[in-house]
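Chain A is the first sequence line, chain B the second, and so forth, proteins listed ahead of strands; every chain is numbered from 1.
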2 protein chains.
Amino acid sequence: MSTIKAETSEAVTVADRVFGSLCDAIVKGEIAAGSKISEPELAKRFDVSRASLREAIGRLEACNLVSRRPNVGARVVELSLDELLEIYRVREALEGMAARLAAEQMSENELDELESLLEDEQQFDPNDINHDFHYAIVQGGKNRRLAHLLCDDLYHLMRMYRYQLGRDSGRASTASKEHGLILDALRDRDGEMAELLMRRHIRKSRQHIEQMIENSAE
Amino acid sequence: MSTIKAETSEAVTVADRVFGSLCDAIVKGEIAAGSKISEPELAKRFDVSRASLREAIGRLEACNLVSRRPNVGARVVELSLDELLEIYRVREALEGMAARLAAEQMSENELDELESLLEDEQQFDPNDINHDFHYAIVQGGKNRRLAHLLCDDLYHLMRMYRYQLGRDSGRASTASKEHGLILDALRDRDGEMAELLMRRHIRKSRQHIEQMIENSAE
DNA sequence: GGAATTAAATATGTCGACAATTAAAGCAGA
DNA sequence: TCTGCTTTAATTGTCGACATATTTAATTCC
């Protein structure tokens, strides 16, 4: 249905292409967080009209990468740790529900794919959402509205945090074990357990970040 | 922070005003669900340029009231009962979390206001979100991202369903009791209980709708 | 008479220019 | 030198027109 077409490849319109480029640049920090989005400047850089550029900026606002003020302009969002913690609360709620639904909805085939995904979790680029454990479960829940919120409204923002604050290290092997437990619950068709484990999993990631904040503030 | 400025009152720009008018017209069904959004026609009706109109349409897409296809145009979303049930799943997850956070974050003052809200729940216009129990709790959670998703991305869509499918009847008094229990949990600062009760409350609403579907299909 | 193809008409995407608003520069006074 | 106002410059919002894609209508062929 929807879900992630930021890449410039399948862009059919000029605004699509500009959106993809700007989205990438913002997520990777090439356009600094908090910096102003100058319409004349970017229109010249991309060699497009301001109309197309404004269309792209509108979509950036829709996926929470920039914020606009009337008659003033758009700025790239600031990344604060408080905001990141807020996002983790939302993820805990939404992905927990997704796991519950996935336990009921995922086919045996999808579960097999999820398992193979888990096995070579280190091999692939962890930034590629198509090979991502969480993404597969969200899709497996078969709730388009839920998937839309996570994969369109929050995805790019989460990617931006991962790029600029760095991937939370030290939890990789622990997280992998937790993924395994979630998969077991899905195979058992135990929605309640799947939700519980997914929520605990995301909550631990959030607490891991909170600890890092405290340590750096000591 | 953000949250609901659909009304045309505080519109500072032409696109703001058009967005507000279109949003209202779509929510109330004056522009039929599934119908096409003709840019030339609406530009003439509102006496604005197509640029401003397209800006407004873009925002309608952002709050899920219309869907666009490149080179084809925008259509008002179709209201399906499956979609409505999907929304209830999302609400269960998000508002459950909001209730948990509200139990920790709401001030005594806010709790008092919530209580007075509950007492005269019938007196005010139930469509006015400012006097809405759920809205108060979402705001009380003090999580801007969570509030944004519910109050900007889903609010207008939920309002559209309520207008066009009619308010779910027969559950008013039961729902009011459930609200009371939630308030008690908030006063006890029992986040776990508040979340549990809120989720059960929303789940019951969903099941109420599912029953109505079955009955009408018999 | 119906299906496929072609041509006209309409709608969307894109552009450059003007108007209105905001931010910046310059100036006056203390 | 700093504060406050005025003037200037730049940016955003809005408009009308053109280019391109799609839908509708007409035509041709079977």
Side-chain angles (χ1 to χ4, degrees), chain A residues 2 5-23 25-26 31-78, chain B residues 2 5-23 25-26 31-78:
Chain A
S2 43
K5 39 189 161 184
E7 325 309 332
T8 56
S9 51
E10 51 176 308
V12 300
T13 188
V14 174
D16 280 335
R17 184 171 52 79
V18 174
F19 167 74
S21 299
L22 278 177
C23 188
I26 290 174
I31 301 179
S35 62
K36 182 153 178 17
I37 299 286
S38 168
E39 293 184 7
E41 176 194 333
L42 289 176
K44 205 168 62 179
R45 190 200 297 184
F46 287 108
D47 196 39
V48 297
S49 76
R50 273 184 55 226
S52 300
L53 184 70
R54 283 169 63 85
E55 165 90 30
I57 292 176
R59 286 190 230 173
L60 290 175
E61 188 183 23
C63 62
N64 300 299
L65 290 181
V66 309
S67 65
R68 298 176 84 172
R69 283 196 330 190
N71 290 315
V72 174
R75 303 192 80 89
V76 179
V77 294
E78 299 268 8
Chain B
S2 43
K5 39 189 160 183
E7 325 309 334
T8 58
S9 52
E10 51 176 309
V12 300
T13 187
V14 174
D16 280 335
R17 183 173 52 81
V18 174
F19 168 73
S21 300
L22 279 177
C23 188
I26 290 175
I31 300 178
S35 64
K36 184 155 177 16
I37 299 287
S38 168
E39 293 183 7
E41 176 194 332
L42 289 176
K44 204 168 61 178
R45 189 201 298 185
F46 287 107
D47 196 40
V48 297
S49 74
R50 273 183 54 226
S52 300
L53 184 71
R54 283 168 64 84
E55 166 89 28
I57 293 176
R59 286 189 230 173
L60 290 175
E61 187 184 23
C63 60
N64 300 301
L65 290 181
V66 309
S67 65
R68 297 177 83 173
R69 286 195 330 191
N71 291 315
V72 173
R75 304 191 81 88
V76 179
V77 293
E78 300 268 9

**OP:** Answer yes or no: is there an ion pair linking B:E61 with A:R59, defined by an N-O contact shorter than 4.0 Å?
**Re:** no

Original post:
What is the distance, rounded to the nearest whole Å, between atom CZ of B:F19 and atom P of D:dG13?
Top reply: 16 Å

Original post:
Could you state the interatomic distance from OG (A:S35) to CD (A:E78), rounded to the nearest 0.5 Å?
Top reply: 9.0 Å

Subject >> Partner of A:R17 under side-chain contact (heavy atoms from CB on, under 4.5 Å), chosen from A:L22, A:V12, A:V48 >> reply: A:V48

Original post:
With a 4.5 Å limit on heavy-atom distance, are the side chains of B:S52 and B:V14 in contact?
Top reply: yes

Original post:
Below 4.5 Å, heavy atoms only, C-beta onward: do A:K36 and A:E41 meet side chain to side chain?
Top reply: no

**OP:** For nucleotides 8-24 of chain C, just jot down a letter per nucleotide in 5' to 3' order: B, S or -, based on protein non-hydrogen atoms under 4.0 Å.
**Re:** ----BBBB-B---SSS-

